[in-house]
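Below: the structure, in structure tokens.
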Amino acid sequence: MRRIDRIVILTGAGISAESGLGTFRDEGGLWSQHRIEDVATPEAFARNPDLVHRFYNARRIQAASAKPNAAHDALARLQSDFPGEVVLVTQNVDGLHEKAGAQAIHMHGELSRALCASCGHRWDAPPEMVVGEPCTACRAPTARPDIVWFGEMPYHMDDIFDALQTCDLFAAIGTSGQVYPAAGFVQEARMAGAATVELNLRDSDMSHAFDDHITGLASKTVPAWVD
Ligand SMILES: CC(C)NC(=O)[C@H](Cc1c[nH]c2ccccc12)NC(=O)[C@H](CCCC/N=C(/NCCC(=O)O)S[C@H]1O[C@H](COP(=O)(O)OP(=O)(O)OC[C@H]2O[C@@H](n3cnc4c(N)ncnc43)[C@H](O)[C@@H]2O)[C@@H](O)[C@H]1O)NC(=O)OCc1ccccc1
């Protein structure tokens, strides 16, 4: 039996589904109501910043009142109790991992943060951002949601690749494996000789790349997997 000293866990929208936050690609998901090209690219923000702000304002307000579920709680428990290291990487922009007491690397940003497109300053976003929102540092009217849009480089990639290249176990929870570079992490971990497990409601586009699969609702499967 291989010693597990370092675990890397990647989470996606599926872990927050049972907290009432819609996923992207499931039935009635966000991308069935909005076109990525209209709300989640830098070009969309340049073309129609009001539409993009309204899209993220609605999600920010919804996420602010959302509660972590048993899956978030179990990962927070694992991170504090596991003798080795647990690196939690999330594609989610909601703060539910933190609300559960965990520390997560937000590779796609956070709804609760604003970013100045001029000076790069970051601050706590107001519930509703407006077009021309001034930066709280340089005062330029160029505030945007601190979210990684399609075509933009995800955050913390060096730290994430360092962890993937030295982990003993890689787990992906509630992600469809359709968006890169996150979808390629399992391959990176495999190349490092790590064991790999996927926890999802159903098979994903990357299921073939995992050694083990645990199928079911995250709020049930994750606590069982952790304990
Ligand atoms: C569509 C796809 C083909 N396109 C891409 O991957 C693109 C382009 C690309 C790059 N490399 C490639 C290689 C091949 C092909 C394309 C590309 N990638 C990018 O643009 C990335 C940036 C991608 C990030 C975009 N932002 C997001 N989110 C923030 C926004 C927002 O939140 O609004 S992506 C967004 O979708 C991704 C996938 O979503 P999931 O979380 O997986 O959710 P989904 O709904 O899809 O699936 C839910 C899953 O949960 C399961 N589930 C549901 N309920 C439950 C439940 N209850 N329990 C358990 N499981 C459950 C379901 O079965 C399902 O499997 C996540 O990453 C999520 O964050 N940037 C970049 O590559 O930059 C380059 C670069 C390089 C140098 C310099 C500059 C730039």
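Since we're looking at a predicted model, the values are computed, not measured. Counting starts at 1 for both ligands and their atoms, following the listed order.
In A17, the part holding a heavy atom less than 4.0 Å from any atom of ligand 1 is the side chain. Looking at S204 against ligand 1, nothing comes within 4.0 Å, counting heavy atoms.
A salt bridge does not link D94 to R59: none of the charged nitrogens lies less than 4.0 Å from a carboxylate oxygen. The pair R113-D124 meets the salt-bridge criterion, since a charged nitrogen lies less than 4.0 angstrom from a carboxylate oxygen. Under 4.0 Å is where a charged nitrogen must lie from a carboxylate oxygen, and between E43 and R35 no such pair does. A salt bridge is defined here as a Lys NZ or Arg NE, NH1 or NH2 lying under 4.0 Å from an Asp or Glu carboxylate O, and R77 with D73 fails to meet this definition.
Less than 4.0 angstrom separates some heavy atom of G12 from each of these atoms of ligand 1: 41 (O).
Within 4.0 Å of atom 23 (C) of ligand 1, at least one protein heavy atom is present. In this structure, atom 8 (C) of ligand 1 has its sub-4.0 angstrom surroundings free of protein heavy atoms. Atom 74 (C) of ligand 1 lies below 4.0 Å from none of the non-hydrogen atoms of the protein.
At a 3.5 angstrom cut-off on N or O pairs, A40 does not count as close to ligand 1. Geometrically, ligand 1 and W149 share no nitrogen or oxygen pair separated by less than 3.5 Å. Ligand 1 has a nitrogen or oxygen under 3.5 angstrom from a nitrogen or oxygen of V148. Residue G174 has at least one N or O atom closer than 3.5 Å to an N or O atom of ligand 1.
In this comparison of R25, Q178, E198, E152, the heavy atom closest to atom 38 (C) of ligand 1 sits on R25.
Of the protein's heavy atoms, Y180 O, 3.0 Å lies nearest to atom 18 (N) of ligand 1.
A side-chain donor-acceptor contact under 3.5 Å links T136 and H121.
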